[in-house]
Every structure is written in structure tokens, then in C-alpha cells.
Amino acid sequence: MPISTFEPAGSALHPAFSAALGAVAMRLRDATVLEALSALLSETAEAAPGCEAALASQLGFLLNSLDTGGLRRWILTGMRLHAQHPGKLAAYFRLEDPQAAQAIVAESSGTSFERARHALQLYAAGFGQRDLVLGARRQRKLNSPALRAVISEGALLLPDHYLAWDGASRGNIYRAAVAHALAHLHYSPRHQPAGKKKPLLLAVRSLVEDARVERLAARRYPGLRTLWGRFHCASGEKNELTFASLAARLSRALHDPSYQDPNHWVNKGRELFDAAAATALDDPEAFAEVGNILGNDLGQMRVRFVTELYVVQPAYRDDNSFLWEFEADAPPDTPPEESLARTSVQIDATDQEADTAMHVSPVESPPGQRYEYPEWDYRENLLRDAWVTVLDQSARVARAGTAAGRECNRGRGVSLDTRARTLDRAIRLRRQQEGESLDLNAAVESRIGWRAGITPDPRIFQRPGKRRRHAAILLLLDLSESTNDRVTGFTSVLDIEKQAAELLAQSIDTAYDRLAIDGFCSDGRSKVHYLRLKEFDQPYDAVCRQLLKRQQGGLSTRMGAALRHAGMRLAGQVAEKRILLLVTDGEPSDIDVADSDYLAEDARHAVHALSAKGVAVFCLTLDKSAGKYVKNIFGARNFLIVDNAVTLPAQLARALTRIAAS
């Protein structure tokens, strides 16, 4: 195709990119390169909407230093550095961020897999692995998590490039990746049954096994310790308590005896590992026990683990799928977090299939209605329209077939009074001791009595009376994974929530008050699952009771979207008082959000919007440390921290009585 007739990527390409490509087309003089560049820019526009003009303004300058592969790596570096900050990403694309210039220098000389393939094949042969076939894994989407190596019998798939951000600038990361994979092939047990092990436990045990095989390999080839050590740069300076930080620091502590970390868990991990290594370095089972202990400790520490966001560190290590065997057909009632997403597949070692990733069939969502809601971005001071998708489903369809939960306690342990009354001037209370106006009949009778020498009746006033207020109440239950945690004996947080919902449903006065019970969980901004367990006009019968019992916790807690949808449901009810009661056990979170304040600020914005519409929002939380965020979200008087989860049903009833009377 002649360069003069080149048209970039069709009409779908952003106009700013089309103009920029037109300006560089004659200089590049290669239609194939232009097509690849056009495809890359289309991907960027989809992955980072709103940043097209910023990148297009510097495209000519960038192509002076970077080829298409280098530009892709440079764009990826910016997206990972500023994953949750569109404004900072735009500044990076405009080269206003100092890290952008550093990344240009680093990525201009970056090593790709194709350049290193031949040398790596010889490197593997030096370890006695002449038949090991090396292939490339290609990053299909710009905004997907970083790739890691995948080990299969007879083949090793490596990312087609590593970023300087991954540590590629600190040494030959491909040699480190190949050496680590060969250590697994020599010393690790293959495809152990994962069973029902939690993803967090599998990740910790894999980390311990990584360190074990590296120590074995370094005992035979001492130079490998220096090679791998270049990439262990995690630091406990900020003492972050996220799983990613703790895991990276433990990896460094197990590799580098001189490293000192301020965290007890990291130091305990090194002590346990060194004790096992002193006597049983060749025994994987001894180190599996080390991993079990450390994984249990993280559970006790309530460290949050999100499978979709976890990427093994350092970057040269593989994805650990070589170590585990997952059930091909998981039971339908198994929550998504019960198994790690396996990103590898057994492959035939051919060049044609070397870059083939495993195809995972998506789980079809139950039928229901889709609603789009805005989301507040406090960093940009911007309300993003149609940013979140809520899947509104009837619980009869969404959770049909799941195992029934344990029997809820249906006794009425507290008295519930929602008989809120409101002033009504159509009702006049006469012969009152005080009031806003005189009761004429009583005043005349009092005057007659006074003239007759009879002590007059002082009750000569009248005032408006009160009548029963009609209320619409929506009880919104958090159904996220963390509600499966045990609080006493065999009782989980979710069991307590069910008991509270049952008490409320049985105690409500249906002659005046209407109650709906809903639940929610989330799987990213495109899948906020909202379950209608009981409708406003539906009696709380055996069907509702069974639907409530069979609910199980899973996924995450995108609170703002659920509150907005619950508010929409309440808005359709004819009532003088609209009350939204949220019961949760933790702060807002989701798999696609790393900024801990982002979803909390969005929930605060949603609560303020509902309050402006006359919806009273109240939160009961079982998180004892919730004072850090719950007051900011709901206000000083609109939340209650329940110290003892067992008292939640009684606390819920009392809170509703207080709100209804206000």
C-alpha cells in the first residue's frame, strides 16, 4: 500500500491520533509499521479514554527515540505508574512527568524476547535443557495485568517484553526468568491438587516454594544468587500492610539475609523458612507447612487478597501455575475466589502455538436488568457518567440451586417500634394545657366557671395532633467474600446478617411500613451484582425465608453503586419516610481499584445525593476499625459500629426505631 494513500485504522481512531499519524506517515515510510502503530493507538484510546490528545501531541517526538515496541512499553509503563490517576497519566503522555523521560531512555534500549530468544536457548542448554522450547506470551490488552512466565512440560513461555518498571533495566531479566523456571523443573513437585485451598494460601505457599527452589539452585550454581538478587528491591520503609507489599518483602527477606524488615510477619517467615532449610531443604512438604502457617497468620491479620490484582513479584518469577492442578469442572456453588485463575495451559511445543494463551469461557450472568450509574472521582473532582453497571437480579434466578444456609434464629429478641408519628394540622387536640391557639369552647366554659365562682379548667388551648407516619424501608446486606468470616463458633458474619434481616422482616408493622431486603457484591465496575431478596409489596413468607438462607458471600464491595441503585428503588415508593439501612462488615473495595480512598469517597458522594432526595441512609458496620472512614461516608450521627457481631439483630432494630422517629 502506498504511503501516500495510508488511512489510519478507520473511522474508529480518535481524530487527534489520525492527525498525528498523518504527520508522521511520510517520515516512517513503512505501511506495516503504520498499521501496527495505528492498532496500538486504538488500543490506547480504549484503555485510557480522555488521554488521546495528550499522547498525540508528543507522538512525533516519541517516535524519534522509540520503535513501535518501545512505544508500547513506554505507554504500558505510564499506565501502571498511574493506573488510578487519569490526570497524572495525561501529564505523563505530555512528557510533563519526570518519570516519562526516564522511561523513554529505559525503553529505547529495552530487550524483547525475539532479540534474546537464541541466546536464551543456548543458556537453557547450558543447564542441560536442550529440548526446552521457548515461546512468547503477548500482552493482548494494554490495561491487563503484567504478564509472567508460564512453565509447561517441555515449554517455557516468556513475556514478549519486560518493562523497565518491572526491573528490566537492572539486568538481564530474561536469563533470571529462565534460570528460575529451570529451578522449578528440577526441584518442584508438579501440579499438586489445589482442592478448596484459598487463593491467598496458594499464593503464600507458591512464594515459599519459589524461594526453596532458588536456594537449591544457588547451592549448585552460586552465581544465580547475584543474578536474582538484582530484582529484589522491595522495601519495608513505609511498612505497607497490603498483600503485594508483604509478599514482595518476604521474597526479598528469604533471598537476602542482610535485609531487615520492620514487619513481624516478614521476620517470622524468614525464621520459619531458615529453620526448615537447615534440615529439610529437599523436602517440599516441610515448606508447605511453613506456607500454611504464614497463610493462616495473614488470615488472622485480615490482609485482603484480590486474585485478579495479584501479580507475582519480582517480575522474573513465573505465575506458579506449574505447581497447582485445579479442578476442571468446579461445582456451580463454588464462589469465584475459591480457585485461582490459571493462566497457563499444557501446550504442544510448536512455534505456531507458543504465544497461545488459555481460553477461559466467561460465566454467564443470570438474566436481569442492567442499570448504569455515575461514579465520583475525588482525584479529578469529576462525576463520571455511566461509569458503573449494576446487574439487578431476582434472587430466585441469581442464586437458584445454591446450598441452603443454616437455620436462622427466628425468635424476637427485642421489641421493634417504627411507629414514627408526624404532625397533622387536620387533627386538632382540644382542651390542652398548652398549645399554639385557644380552644374557643374550652375558653368560654372556663370564663363562665370563673364568673360563677367555680375553679376554671386551665386546659383552654388546642394544638395539632400526630398520626402514624408511613415508611418505606430498604435493608441492604453486604454479600461480599469477607462476610464468610467466622465470628463465634460456626457462625459467620453473613449468618448474623441473615438473623438481623429475619428479625426485621417479622417485626415490621405491615399496616404502615413496607420493607424490602436486598443484597449486593461486585466484580469490578462492569459487574455490580444486586440481588432482590424481598420486594416491598411481598409478604415475608417461606419462599423469602429460603432465598435469604441460601445466600453465600463472594466477590467485593462497591458500595456507592449499590447505594445509588437502592436509592432508585426507594424513590419509586410512595411513603412519607424513606429509610435505607446498610449492613456491612468492612470498607468499600473492588478488584479494579487500588486507591483505598476512591470508593469511600464515591460512597460518601452517593450518600449525600440520597440525603438531598429525602432518603435517610444509616450504616451498621461490624468493622471495629471503621471509624477511619465510616464517619466520612455517612456523617457523624448516621452510623453505628457494632462491637459484638452477635448483637447485630438487636442493634439493627434499635437503629431503625431511632431513625423512624427522627
Under a 4.5 Å cut-off applied to non-hydrogen side-chain atoms, are Y540 and E502 in contact?
yes

Decide whether H565 and Y373 meet the rule of one side-chain donor and one side-chain acceptor closer than 3.5 Å.
yes

Applying side chain to side chain donor-acceptor pair (under 3.5 Å), can you list everything that pairs with R384, at least two apart in sequence or on another chain?
D377

Which pairs, with at least one residue in residues 605-618 and sequence neighbours excluded, count as a salt bridge (Lys or Arg N to Asp or Glu O under 4.0 Å)?
none

Going by side chain to side chain donor-acceptor pair (under 3.5 Å), name the residues that satisfy it together with D585, two or more places apart in sequence or in a different chain.
S482

Applying side chain to side chain contact (heavy atoms under 4.5 Å, CB included) to A91 and not counting sequence neighbours gives R94, E96

So, Y629 versus D623: side-chain donor-acceptor pair below 3.5 Å or not?
yes

For a 4.5 angstrom cut-off between non-hydrogen side-chain atoms, does Y530 reach R569?
yes

Check whether any side-chain heavy atom of L200 lies under 4.5 Å from a side-chain heavy atom of F243, and answer yes or no.
yes

By salt bridge (charged side-chain N to carboxylate O under 4.0 Å, His left out) - contacts of D297 (at least two apart)
K268

With sequence neighbours excluded, give me every ring-ring contact (aromatic ring centres under 6.0 Å, His included) pair touching residues 590-618.
W376-H605

What about the rings of H529 and F520, do their centers lie closer together than 6.0 Å?
no

